[in-house]
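These notes are about the structure you will find just below.
As the structure is a prediction and not an experimental result, all values here were calculated from the model.
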Amino acid sequence: MSYVSPFTGDVIQPTDVSFRAVTLTTNTQLNWPSNSTTNADFAARIMQVTASTVSLNLYMPPADQTSVGNDALIRNIGANTFTVKDYAGTNTIVSVAAGESKYIYITANSTAQGSWGIIAFGTGTSSADAATLAGYGLIASGATLNQSHPSSAITTGSTFAATDRAQTRVFGGGSGTATLPAAATLGNNWFTLFKNNGTGSFTISCTGAELIDGNSTKTFNPTESAFIVCTGTAYVTIGYGVSSQFAFTALIKSVTGGSVLLTNNEAANNIQEYVGTLTSNVTVTFPPVVNLYIISNQLTAGGFTFTVTTGLGFTATIPPGQQATLICDGVNFLNANTTQAGASTFSLVDGTVGTPSLNFAAETSTGLFRPGAGEIAISVLGTKRVGVTATGVSVTGSGTFSTGIAGGTFT
């Protein structure tokens, strides 16, 4: 609604009184000049205000008695901050600190309180108002902007959003998941802070084919945290805090054959499990760094081999269905155990004729295995040649004996 003069056709401005000096000694309700008596407090287009004490309020006249766009410039020339509120003090319009000037204007006038816009003129020089400028990651403290990373909970199944910029998101459940949106929607400079305060792992996944630290997912163990930064095309973590309670991470990687080069992020996983069906021999090349690995070959081999290497020194071949604990010295892959310290026994899995449980790194199809109950056998190149049971020895194939064999019956 607008009030228009019948004489000029112009919008009526009830605050056309151009200037007024106001001294606040108590909360004060203003009126429009056209509705005021001689002694009433009225609103002027420019008001120079001095508050005699702190926490005083200046109430603007009813918004529904004037037109939208009606305005006032309010300058605080005193030492105390005061607050400008809408009619009857229902809502705060703006707080005016000592030396500041605020320009306010009505944007809607369907109620007495109305809606008000604000332009901060600062301390008499048009400097910016900190509270108006503060966005995500910033908070106004007096006349300055300060860094801010407010904390809030994140629940499993959530998707991060643009409004998570500079926010701290904390997970406090058992185990959970969250998704990062397409990097292009956030742009190159978005970031958020994440902390897993839960009791289980929390996995953050990317959208589509995008990656975080070179992988499609990033798993945070309990107590782990990081800055998650968007590059515009992918995500990286900064300051990734590794848990001191849950120090190991696992990689499950699918391979089919040929040469596979691990990324640094993949090789950082101490426990590695390889799955899939081989169509050829496969060699996985690790970065030449010092580390301890537990590598499990869960591939469907089809007669093909699985080998790990740095490309610089000794390699290790792991039979199907077997696990190996290996040391990488930055060049070579070496068995972590060559003796069983402090133990009187050493137990093996049964193995098979093609992959005997006690075999040789250079020839994994040759060695000892257990075909069944009460039998131990020797396999050579995947063929059972000798079987030993409680009742005797069975040899497959012909034999050559340099000094002969005494006693017994041969069949």
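Ser95 approaches Lys102 most closely through the heavy-atom pair O-NZ, 2.9 Å. Taking both residues in full, the closest heavy atoms of Met60 and Ala72 are given as CE-CB, 4.3 Å, listed atom of the first, atom of the second, then distance. Considering every non-hydrogen atom in both Cys230 and Leu186, the closest pair reads SG-CB, 4.2 Å. Residues Phe333 and Cys328 approach most closely at CE2-CB, 4.0 Å, considering heavy atoms. Minimum heavy-atom separation, Phe220 to Ala226: CE2-CB, 3.8 Å. Considering all non-hydrogen atoms of both residues, Ala183 and Ala234 come closest at CB-N, 3.7 Å.
The backbone N or O of Gln272 sits nowhere less than 3.5 Å from a side-chain atom of Glu266 that would complete a donor-acceptor pair. At least one donor-acceptor pair closer than 3.5 Å links the side chain of Asn332 to the backbone N or O of Phe314. Within the 3.5 Å criterion, the main-chain N or O of Ala153 finds a donor-acceptor partner in the side chain of Arg169. No donor-acceptor pair closer than 3.5 Å links the side chain of Ser205 to the backbone N or O of Thr179. Remark: the backbone N or O of Gly374 is not paired with any side-chain donor or acceptor of Thr389 at under 3.5 angstrom. With hydrogens and angles disregarded, no donor-acceptor distance shorter than 3.5 Å links the side chain of Asn215 to the backbone of Thr217. Using a distance-only test at 3.5 Å, with no hydrogens or angles considered, a donor-acceptor pair links the side chain of Asn80 to the main chain of Ala51. Tyr293 places a side-chain N or O within donor-acceptor distance of the main-chain N or O of Ala267, the cut-off being under 3.5 Å. A donor-acceptor pair is defined here as one N or O able to donate and one able to accept, closer than 3.5 Å; no such pair exists between the side chain of Thr309 and the backbone of Thr315. Under the 3.5 Å distance criterion, the side-chain polar atoms of Thr279 are matched with a main-chain donor or acceptor of Thr256.
Results of the side chain to side chain contact (heavy atoms under 4.5 Å, CB included) test with Met47 over Asn76, Leu30, Leu73 single out Leu30 as the only residue that passes.
Shown here are the salt bridge (Lys or Arg N to Asp or Glu O under 4.0 Å) partners of Glu273, two or more places apart in sequence or in another chain: there are none.
Side-chain atoms of Thr219 and Thr203 include a donor-acceptor pair closer than 3.5 Å. At a cut-off of 3.5 Å, with distance as the only test, no side-chain donor of Arg165 or Thr192 sits close to an acceptor on the other residue. There is a side-chain donor-acceptor pair under 3.5 Å between Asn291 and Asn270. No hydrogens or angles considered: nothing links the side chains of Thr283 and Asn281 as a donor-acceptor pair under 3.5 Å. Judged purely by distance below 3.5 Å, without hydrogens or angles, the side chains of Thr144 and Ser141 never pair a donor atom with an acceptor atom. Counting only N and O atoms by type, the side chains of Tyr136 and Gln167 include no donor and acceptor under 3.5 Å apart. A donor and an acceptor atom, one from each side chain of Gln323 and Ser296, are located under 3.5 Å apart. Asn269 and Thr249 share a donor-acceptor pair across their side chains, judged by distance under 3.5 Å alone. Residues Thr307 and Thr317 bring a donor and an acceptor atom of their side chains to less than 3.5 Å of each other.
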(message) side-chain contact (heavy atoms from CB on, under 4.5 Å) for Thr355 and Phe369? Distances and angles first, verdict last.
(response) CA-CA 8 Å; Thr355 57; Phe369 71 104; over 6 Å; no

(request) Apply side-chain contact (heavy atoms from CB on, under 4.5 Å) to Gln298 and Val275, showing your working. (result) CA-CA 5 Å; Gln298 298 301 316; Val275 297; 4.2 Å; yes

(message) Working note: Arg370 + Ile376, criterion side-chain contact (heavy atoms from CB on, under 4.5 Å); need CA distance, chi angles, decisive distance, verdict.
(response) CA-CA 5 Å; Arg370 179 176 177 266; Ile376 184 173; 6.0 Å; no

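Expressed to the nearest 0.5 Å, how far NZ of Lys218 lies from CD1 of Ile212 amounts to 7.0 Å. Summarising the geometry, atom CG belonging to Leu368 is positioned 6.0 Å from atom CD1 belonging to Ile378; distances are rounded to the nearest 0.5 Å. Here Asp64 contributes atom CG and Gln113 contributes atom CD; the two are 8.0 Å apart, rounded to the nearest 0.5 Å. Distance check, rounded to the nearest 0.5 Å: OG of Ser52 to CG of Leu24 gives 7.5 Å. Interatomic distance, Asn109 CG to Ser67 OG, rounded to the nearest 0.5 Å: 7.0 Å. Rounded to the nearest 0.5 Å, atoms OG1 (Thr107) and CH2 (Trp116) are 9.5 Å apart.
Counting heavy atoms from C-beta on, the side chains of Thr233 and Glu210 never come closer than 4.5 Å. Looking at Asn335 and Leu326, their side chains come closer than 4.5 Å, going by heavy atoms from C-beta outward. Residues Asn196 and Asn221 form no side-chain contact, since every pair of their non-hydrogen atoms from C-beta on lies 4.5 Å or further apart. For the pair Ile74 and Val84, the minimum side-chain heavy-atom distance is below 4.5 Å. Side-chain contact between Tyr274 and Val260 is absent, with no heavy-atom pair separated by less than 4.5 Å.
Heavy atoms from other residues, nucleotides or ligands lying under 6.0 Å from CG of Leu312 number more than 12. Around CG of Leu211, the count of heavy atoms belonging to other residues, nucleotides or ligands within 6.0 Å exceeds 12.
In this structure, Phe202 and Phe171 have tilted ring planes: the angle between them lies in the 30° to 60° band. Classified by interplanar angle (parallel below 30°, tilted 30° to 60°, perpendicular above 60°), the ring pair Trp190/Phe160 is perpendicular.
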